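So the structure is just underneath, and the comments pick up after that.
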Amino acid sequence: MKYIFVTGGVVSSLGKGLAAASLGTLLERRGLRVVLQKLDPYLNVDPGTMNPFQHGEVYVLADGAETDLDLGHYERFTNCVLTRSNNLTSGQVYETVLAKERRGDYLGKTVQVIPHITDEIKGRIRELGETSGSDIVITEIGGTTGDIEGLPFLEAIRQFILEVGPENAIIMHVTLVPFIKAAGELKTKPTQQSVAKLREIGLQPQVLICRTEMPLDKEVRQKLSLYCNVPMDAVIEAGDVEHTIYESPLNLQAEGLDSTVCRILRLDTPQPDMTDWSKFVQRVIAPKKRVKVAIVGKYIELQDAYKSIYESLTHAGASHDCGIDLVLVDAEDIEQEGADKYLRGVAGVLVPGGFGDRGVEGKIAAVRYSRESRTPFLGLCLGMQVATIEFARHVCGLEAANSTEFDPATPYPVICILEEQKDVTEKGASMRLGTCPTALGKNTLAHQVYGKSLIMERHRHRYEFNMSYREIMEKRGFVIAGTSPEGDLVELVELSNHPWFIACQYHPEFQSKPNSPHPLFKGFISACLAHED
Ligand code: GLN
C-alpha cells in the first residue's frame, strides 16, 4: 500500500483537489487501484450546514454523506467509489475522541492532541487504505501550510510516514510561483518559505506542483529543486488550464508527474492510456455546435455553488459534440424584471436546488416561461418543487399554492414536509440523504431517456410532493413519471403537453462523468438542440 499526501502552500484556491484528482486519473490508467480522501481542518462535522457562500456546493455521496466539493472531482476523474469515510473533518475527529473519553476509553489518562487526536487521524487514513482494496491512497489536506487548525493533520502525517516508511508515502506540495510584473520575473521565495514551514514540522515534500501563469524555465526549476530539496523531475509546472479543467491530467502527464511519482514510490507500471480522455477534452475545446442554456438560481455569481451541474452540462454537451453557453440568471432579477427579458432566446432552462425563500418566485416565473414557451426544462430538487407550485397555481387554479418551506400557512401545500421529518429539530445530516431507488412509469419521457424502469439517484432534501394533490394535477396534464418503488414519494414529474419538461426530486448532477454523461442531462441537451432547430 502506498500513500500520497497532497498539501497546499502560499495561498488557498490553488486547485489541490484538482491536482489530487488528476494524479488519480493518471495512476488509475497505469493500472493501479486508487482511492482518494479529503481531510478538512474545520470544526463542522460536515459541510452540510454551511451555505454556498462559505463552502460552495455540498457534494452528496451514494451513502448520504454530505461532503466537500473536491470529492466531486475525485468521483468525476476516477472510478473510485467514495463513502463517508473518504471525507474527514476536525469536527468528526474531535467528536469521536470526545465520545471515547466520555465512554472511559482513556480512563486515567490526560486526553491530548498528540497522541489522541493524531492517532484518530492516522487510524482513519490507515482504515481507508485497508478497507478500500486499493494500491494507492491519495489524501488531500484542506487549507494551507501554516494554518493553526491544520497542524494536527500534518503532525499525524509526519508520524504516519515514519510508521509506513518513506518508500511507501510521499508528500506532493501544491504551491504558487507568482510572476512579478514589475520585475518581469517568476518568484520562488513563497514556495521556498512554505516548504521551509513544512520542514519545520518534520515534513519534506517529494514533489512540487507549481501553479504558475508563466512557463518555468530551467533556472527557476533548478532553484526550486535546490532550495526545496526535491529532484529536478519532481518540479512540476502546472499552468492555468486553457479551456477546461479536464486538460489538467493531460498537462500534468506531459510534465511527467505520474512517472516521477511512480519512480519515487517504486511502482513499475506502464504509461497511462489517455486516448479516450484526450478525445473528450477535444470535444469540450472545439465542439461542432453550441447551445445556450440558462440556469436560474440564487448563487450564480459563485463559481462553486452549482459546480456539479456545470460539469454535468459539459459532459452531456461533449457527448453531442456541443459546447454549452451558460446564461446565468439571478432568480431575483426575474422577480424584478420578468422572465422574458432574461430567458428569451435560450434553448433550455435549468432550475437547480436550493433552500430558503429568496428568489423562489423568480424560479417559479422561469418555470412558467419554459412551460408556456415550450422551451426544454430541467428542474433539480427545489427545481421540481417550484415546477409543482407553478403548475398548481397557473394550470390548476390553486392560487397561492406553495411549499410549506416558504409559506407555512399556504391554503394549498402542494409541497410539504414528511410526517417523520416534522419532529426533527437538529439541522446536521437530518434530511433525506443519499441513494434511493425510483421506479419510472412505462410510456414516460423519463423512461425513454433512461432506457430502464428502475434507477438509483442521490437525494438531499426535506420537503416532498403532497400526494393529496396528485389527482387534480394529473387531470390537467401533470405526469408523475417516477415514484419510490412503494409509490408513496414522488421522484420525477413531466408535462404531457410539452416537448421536453422533466423535473426530479433528486440530484442527477452527482452521477455524471466525462465519458458517461448522465441520461437526464444528455436528453436535456439533445432537446435543447432540437428546440434551436
Ligand atoms: N429546500 C428544499 C427541501 O429541503 C429543496 C432542497 C434542495 O434543492 N436540495 O426539500
Side-chain angles (χ1 to χ4, degrees), residues 46-62 64-67 69 72 295-300 302 304-310 312 331 349-364 366-367 377-390 392 401-408 410 413-436 438 457-467 469 482-484 488-493 502-511 518 520-521:
D46 62 44
T49 53
M50 289 188 233
N51 83 24
F53 285 108
Q54 289 283 314
H55 196 266
E57 163 186 278
V58 173
Y59 188 80
V60 182
L61 301 180
E66 298 174 276
T67 69
L69 57 80
I295 300 191
V296 181
K298 62 173 178 177
Y299 297 114
I300 43 137
L302 297 178
D304 284 345
Y306 303 123
K307 184 131 217 129
S308 294
I309 295 177
Y310 299 152
S312 302
V349 175
L350 190 154
V351 175
F355 296 82
D357 62 357
R358 186 166 68 83
V360 162
E361 291 301 322
K363 291 178 185 175
I364 294 172
V367 176
F377 176 83
L378 180 59
L380 309 178
C381 207
L382 177 65
M384 184 194 103
Q385 301 178 353
V386 292
T388 305
I389 297 168
E390 194 280 323
N402 215 329
S403 161
T404 53
E405 179 180 7
F406 315 127
D407 179 8
T410 170
V414 287
I415 303 291
C416 64
I417 202 145
L418 286 183
E419 271 311 310
E420 66 245 42
Q421 280 275 352
K422 276 193 177 147
D423 299 325
V424 177
T425 49
E426 286 204 5
K427 288 278 184 275
S430 59
M431 286 183 260
R432 183 167 171 232
L433 287 167
T435 298
C436 307
T438 291
E457 297 278 5
R458 299 183 193 176
H459 290 249
R460 181 174 186 250
H461 63 109
R462 265 191 197 94
Y463 295 81
E464 304 277 353
F465 180 89
N466 184 344
M467 281 298 195
Y469 294 91
T483 63
S484 54
D488 55 339
L489 298 172
V490 173
E491 305 284 33
L492 185 140
V493 303
I502 288 186
C504 52
Q505 186 55 78
Y506 49 80
H507 291 274
E509 70 271 25
F510 297 137
Q511 292 202 86
H518 190 284
L520 280 186
F521 282 89

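Just so you know, ligand 1 is whichever comes first in the structure, and atom 1 is the first atom listed for that ligand. In this text the structure is predicted, and so the values were computed from the model without any measurement.
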Extract all donor-acceptor atom pairs below 3.5 Å that involve side chains of residues 377-386 and protein atoms in other chains or at least two apart in sequence.
residue	atom	partner	partner atom	Å
Q385	NE2	Y463	O	3.2
Q385	NE2	Q505	OE1	3.3

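Checking E57 against S308 by side-chain atom types alone, a donor-acceptor pair falls below 3.5 Å. H461 and E405 share no donor-acceptor pair across their side chains, judged by distance under 3.5 Å alone.
Listed by chain and residue number, nothing satisfies the salt bridge (charged side-chain N to carboxylate O under 4.0 Å, His left out) test with K298 (two or more places apart in sequence, or in another chain). Taking the side-chain hydrogen bond (donor to acceptor under 3.5 Å, both in side chains) definition, one finds that E390 meets it with R371, H394, sequence neighbours left out.
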Please tabulate, one line per pair, the protein N or O atoms found under 3.5 Å from any N or O atom of ligand 1, giving the distance to one decimal.
residue	atom	partner	partner atom	Å
ligand 1	1 (N)	G354	O	2.9
ligand 1	1 (N)	E405	OE1	2.7
ligand 1	1 (N)	E405	OE2	3.2
ligand 1	4 (O)	R462	N	3.0
ligand 1	8 (O)	G354	N	2.9
ligand 1	8 (O)	G354	O	3.4
ligand 1	8 (O)	L382	N	3.1
ligand 1	9 (N)	R460	O	2.9
ligand 1	9 (N)	H507	NE2	3.3
ligand 1	10 (O)	Q385	NE2	3.0
ligand 1	10 (O)	R462	N	3.1
ligand 1	10 (O)	Y463	N	2.8

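A salt bridge links R460 with E66: the distance from a Lys NZ or Arg NE/NH1/NH2 to an Asp or Glu carboxylate oxygen falls below 4.0 Å.
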